[in-house]
Amino acid sequence: MKKRILTSALAATMLFAAASAGTAFARTKYENRNLTNGDFEQGMTGWGTTWQTGTGTVTIASEGGSNVLHMKTDTGRCYVSQSIANITEGDRLTLSFRMKVPSLGADNGCAEISIGYRDKSGEYITQGNYPYYEVTGDKWVYKGIDLLIPPNTGSMSLMVRLYNGGEVYYDDIEITDFDNQTTLTVTKGELELDSIPKGVGTVTANLHYVPEYTDESGNLIFAAYENQKLIGMDIKPFTASGAVYTKADVAIPPEAENVAVRAYVWKNGETVSPIAHSLTLPREGRSNVFDRYAAEKMRGVYDAVGCFYRAERMQKLEDSGVNTFIFNIIGNFHGGDINKTPAALDAVCADMEKYVEETGNQIFLKASYGANSVVNNDKFGAFHPGTEHQLTLPCPLAEQYWEEEMLSRLEVVARHPKLIGVVFDMEMYSGGRTSYPGACLCDTCVKKYVQKHSDQELLFTVAKERKQYLQDKLAYNDYKEWFAGEVSVLTAKMRERLHAINPNLIIGIMPQMEWLGGIEKGLGTKKMPVVIFEERTYKGAVGIADYAMAQAKLKDLPVIFAVGLWPNEEYAIKKPAFAAKIEAAEPRGLGYWIYSATEMDKAPAYYDELKKANDKIIEKNQPNK
């Protein structure tokens, strides 16, 4: 009876805009205090020291009457670290610090802050590195890093490091609350929604609530409205000595449109007041091409196009519950090399469209960048790192390279509207590495930069000395930011070309962290976000996807994630753990994808584990089918 009265009162109160809350009983202002001795005034108290390679020193130095951390190595590496336990998933934090860098080693020397996360069972999730390559001399600089603690995080470790020689000072390392932000998001599974897909059913309201005072207690109320009419509600009690991360399930009627989800707080029996901005989730937002994955999630498998033409293999995968295939464009079919013969690729796509019509399954086709698949990597300009080390990789701003190597194939795919998407694979298989070691400093790129920055001296610097020149001028970070912007502009052209053919074509990239900045912003939009086919989760650490999604949210990147899994007895996920890893991966983002059908063929028992997991997933997401 008490709950019914409370709910009725809340419905009336919330419909007519709630009054302000009264004063909470506790009087201590809430501050996030997560770090011990970040100013080093207590020496090394709270910090551990670990040597990795080489020799060097980590000491407490005095400067201006205050203590600072001093690190110095030859060509080796060292760091100090601190474990931080009192954090909460959903916390929005800012790590800030001061640093001074008198020198860095000539061979990729860098000063670095690194943050590692472990889940609540103690399993390692992932690590984010924030390196600094510029020498500041006697000048102290202030740095800030924004963090969003991913779901299921139990602890965080902070590592202050010096790599590959040099000297650095650190001081005033602090972790504080991120602008006192209270945030509200709505998800289905763990796919964040910015619109309401048809038939979405129950959604989850996720609230990161930063209280004004410590020891607040009361109820957090989640309500959904359609045109000011209350259509769903859930209530969660709370006691807050710090930031609170709360989830609540709210049922959305299938016919509802322009749904507003709001969060309120009822503190200590006092008046209800809104604590977060309302989220209005219209029917139109992100393209409805994603609706299927919001409802039932991606259950994907990767392989070469040849797999598609093996009927027995395809049937085995379908019987195991697979609903999505990602095929690599490689091989000879319909009389030609499908990388270099558009007519042959066109015929393959036509075959795949018939399959999609017959089965309802989805197909992506993947093209490789930097693999000499269509043209040589350096045909239209080679990447130059600005050092003596040379790599045979394409210049990332060579538009004609993108035209001939990528669009020559992907535009063919885009002309087949029943194929759901294309994937840009940026692993650069023929280039000897999976990532660029920084921004390109070839003559062409430098000329573009100089046109906007009037640095003629850079233009006449010998190519192999350009990176050092920019570092000495404390301008390398600025160059990298400019370069990422140019990558965004160029890749946006690629997206626009593809969407001019098929506006509903989903664009994906793989892998996420093996390329330069800017590509996600270029290839994605809010309506058509880029699918990140995440590979760092290959060995089963699916929590890495939580970290990646948190970082993308902070950076406001137009992306959605699909968790990659690698069934391999020797190097990755063993058979007994495979079904559990699939079930753990499926709720995150769009779902999961497996590398690859060929890997499962090596140990067919993996198919049994795949079917076992998918049967549970299908029953959970499609209970009436």
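Remember, predicted model here, so these are calculated numbers, not experimental data.
- For S488 (side chain) and G518 (main-chain N/O), a donor-acceptor pair under 3.5 Å exists by modelled atom type.
- A centroid separation of less than 6.0 Å is found between the aromatic rings of Y401 and Y369.
- Using a 3.5 Å distance cut-off with no hydrogens or angles, the side chains of Y476 and D472 do not pair a donor with an acceptor.
- Remark: aromatic rings of Y449 and Y479 are close, center separation under 6.0 Å.
- Contact detail for T153 and I87: the closest heavy-atom pair is CG2-CD1, 3.7 Å.
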Task: Working for side-chain contact (heavy atoms from CB on, under 4.5 Å), residues V135 and Q471 - done: CA-CA 7 Å; V135 175; Q471 289 175 338; over 6 Å; no
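- Going from atom CG of L184 over to atom OG1 of T182 covers 10.0 Å, rounded to the nearest 0.5 Å.
- Of the possible polar contacts, one joining the D425 side chain to the E427 backbone as a donor-acceptor pair under 3.5 Å is found.
- Using a 4.5 Å heavy-atom threshold, the side chains of I84 and S157 count as separate.
- Between D556 and K526, at least one side-chain N (NZ, or NE/NH1/NH2) sits under 4.0 Å from a carboxylate O, which counts as a salt bridge.
- Side chains of T525 and R495 form a contact here, defined as non-hydrogen atoms less than 4.5 Å apart.
- Between the side chain of T59 and the backbone N or O of A61, no donor-acceptor pair lies under 3.5 Å.
- Remark: the Q127 side chain and the S114 side chain contain an N/O donor-acceptor pair separated by less than 3.5 Å.
- With sequence neighbours excluded, the residues satisfying salt bridge (charged side-chain N to carboxylate O under 4.0 Å, His left out) with D455 are K473.
- For E388 and K467, the salt-bridge test fails: no basic side-chain N is under 4.0 Å from an acidic carboxylate O.
- Residues passing the ring-ring contact (aromatic ring centres under 6.0 Å, His included) test with Y79: none are found, sequence neighbours excluded.
- Of the charged side-chain nitrogens involved, none lies within less than 4.0 Å of a carboxylate oxygen, so that E411 and R409 do not count as a salt-bridged pair.
- Scanning all heavy atoms of the two residues, the minimum distance from A585 to V542 falls at CB-CG1, 3.9 Å.
- No salt bridge links E405 with K379; every basic N to acidic carboxylate O contact stays at or beyond 4.0 Å.
- Between the side chain of S66 and the backbone N or O of S62 there is no donor-acceptor pair closer than 3.5 Å.
- For the pair D546 and R588, the salt-bridge criterion is met [side-chain N within less than 4.0 Å of a carboxylate O].
- The shortest distance between side-chain heavy atoms of P529 and F290 falls below 4.5 Å.
- In this structure, T126 OG1 and R118 CZ are separated by 11.5 Å, a value rounded to the nearest 0.5 Å.
- Between H453 and W482, the two ring planes are perpendicular [angle over 60°; tilted spans 30° to 60°].
- Using a distance-only test at 3.5 Å, with no hydrogens or angles considered, a donor-acceptor pair links the side chain of D119 to the main chain of G122.
- For the pair R98 and Y142, the cation-pi criterion (under 6.0 Å, within 45° of the ring axis) is not fulfilled.
- Between P396 and C440, the closest heavy-atom pair is CD-CB, 3.8 Å.
- Interatomic distance, CG of D91 versus CG of L148, reported as 8.5 Å (0.5 Å rounding).
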Task: E404 vs K340, salt bridge (Lys or Arg N to Asp or Glu O under 4.0 Å): CA-CA, chis, key distance, verdict - done: CA-CA 10 Å; E404 296 197 19; K340 299 180 179 180; over 6 Å; no
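- Between W593 and Y302, the ring-plane angle classifies as perpendicular under the 30° and 60° cut-offs.
- Comment: R497 engages E403 in a salt bridge, judged by a side-chain N to carboxylate O separation of less than 4.0 angstrom.
- Side-chain contact check for E481 and N477: no donor-acceptor pair (N or O, by modelled atom type) lies under 3.5 Å.
- Between M528 and L505, the closest heavy-atom pair is CE-O, 3.1 Å.
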Open item on the list: Using side-chain contact (heavy atoms from CB on, under 4.5 Å), reason through E535 and M510 one step at a time and then give a plain yes or no.
Closed with: CA-CA 7 Å; E535 294 185 0; M510 72 169 60; 4.0 Å; yes
- [ ] Evaluate the criterion ring pair (Phe, Tyr, Trp, His ring centres under 6.0 Å) for residue pair Y245 and H208; output intermediate values, then yes/no.
- [x] CA-CA 5 Å; Y245 182 68; H208 172 248; 7.4 Å; no
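- N377 places a side-chain N or O within donor-acceptor distance of the main-chain N or O of T392, the cut-off being under 3.5 Å.
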- [ ] Any chance you could lay out the side-chain contact (heavy atoms from CB on, under 4.5 Å) test for S96 and K143, step after step, and finish with the verdict?
- [x] CA-CA 6 Å; S96 59; K143 302 287 186 179; over 6 Å; no
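- Taking the six-membered ring for Trp and the full ring otherwise, the centers of F561 and F533 sit at least 6.0 Å from each other.
- In this structure a side-chain-to-backbone donor-acceptor pair under 3.5 Å is present from D194 to R286.
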Task: Working for side-chain contact (heavy atoms from CB on, under 4.5 Å), residues E174 and L35 - done: CA-CA 7 Å; E174 295 181 326; L35 195 67; 5.6 Å; no
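- Residues P394 and F383 have side chains not in contact (no heavy-atom distance under 4.5 Å, counting atoms from C-beta outward).
- The number of heavy-atom neighbours closer than 6.0 Å to NZ of K100, taken from other residues, nucleotides and ligands shown, is above 12.
- By the 4.5 Å heavy-atom criterion applied to side chains, I506 and V289 are counted as neighbours.
- Between Y595 and Y538, the distance separating the two ring centers is shorter than 6.0 angstrom.
- Atom OG1 of T136 and atom CG of L474 lie 7.0 Å apart (nearest 0.5 Å).
- Distance check: H70 NE2 to E167 CD gives 3.5 Å after rounding to the nearest 0.5 Å.
- Here the closest heavy-atom approach between residue W47 and residue G38 is recorded as CZ2-CA, 4.4 Å.
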Open item on the list: Test side-chain hydrogen bond (donor to acceptor under 3.5 Å, both in side chains) on E41 and N37; report intermediate values, then the result.
Closed with: CA-CA 7 Å; E41 292 307 310; N37 188 32; over 6 Å; no
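- Checking each of D171, I113, D172 against F97 for a side-chain contact (heavy atoms from CB on, under 4.5 Å) leaves exactly one that passes, namely I113.
- We find the CD1-CD1 distance between I115 and I149 to be 7.5 Å, quoted to the nearest 0.5 Å.
- T75 and N164 share no side-chain donor-acceptor pair at under 3.5 Å.
- K493 has a carboxylate O that lies under 4.0 Å from a charged side-chain N of E399, or vice versa, which qualifies the two as a salt bridge.
- Closest approach of A414 and N502 over heavy atoms only: O-CB, 3.4 Å.
- At most 12 heavy atoms of other shown residues, nucleotides or ligands fall within 6.0 angstrom of atom NZ in K464.
- When only modelled atom types and interatomic distance are considered, S373 and N339 share no side-chain donor-acceptor pair under 3.5 Å.
- The number of heavy-atom neighbours closer than 6.0 Å to NZ of K120, taken from other residues, nucleotides and ligands shown, is above 12.
- A side-chain donor-acceptor contact under 3.5 Å links D74 to the backbone of G76.
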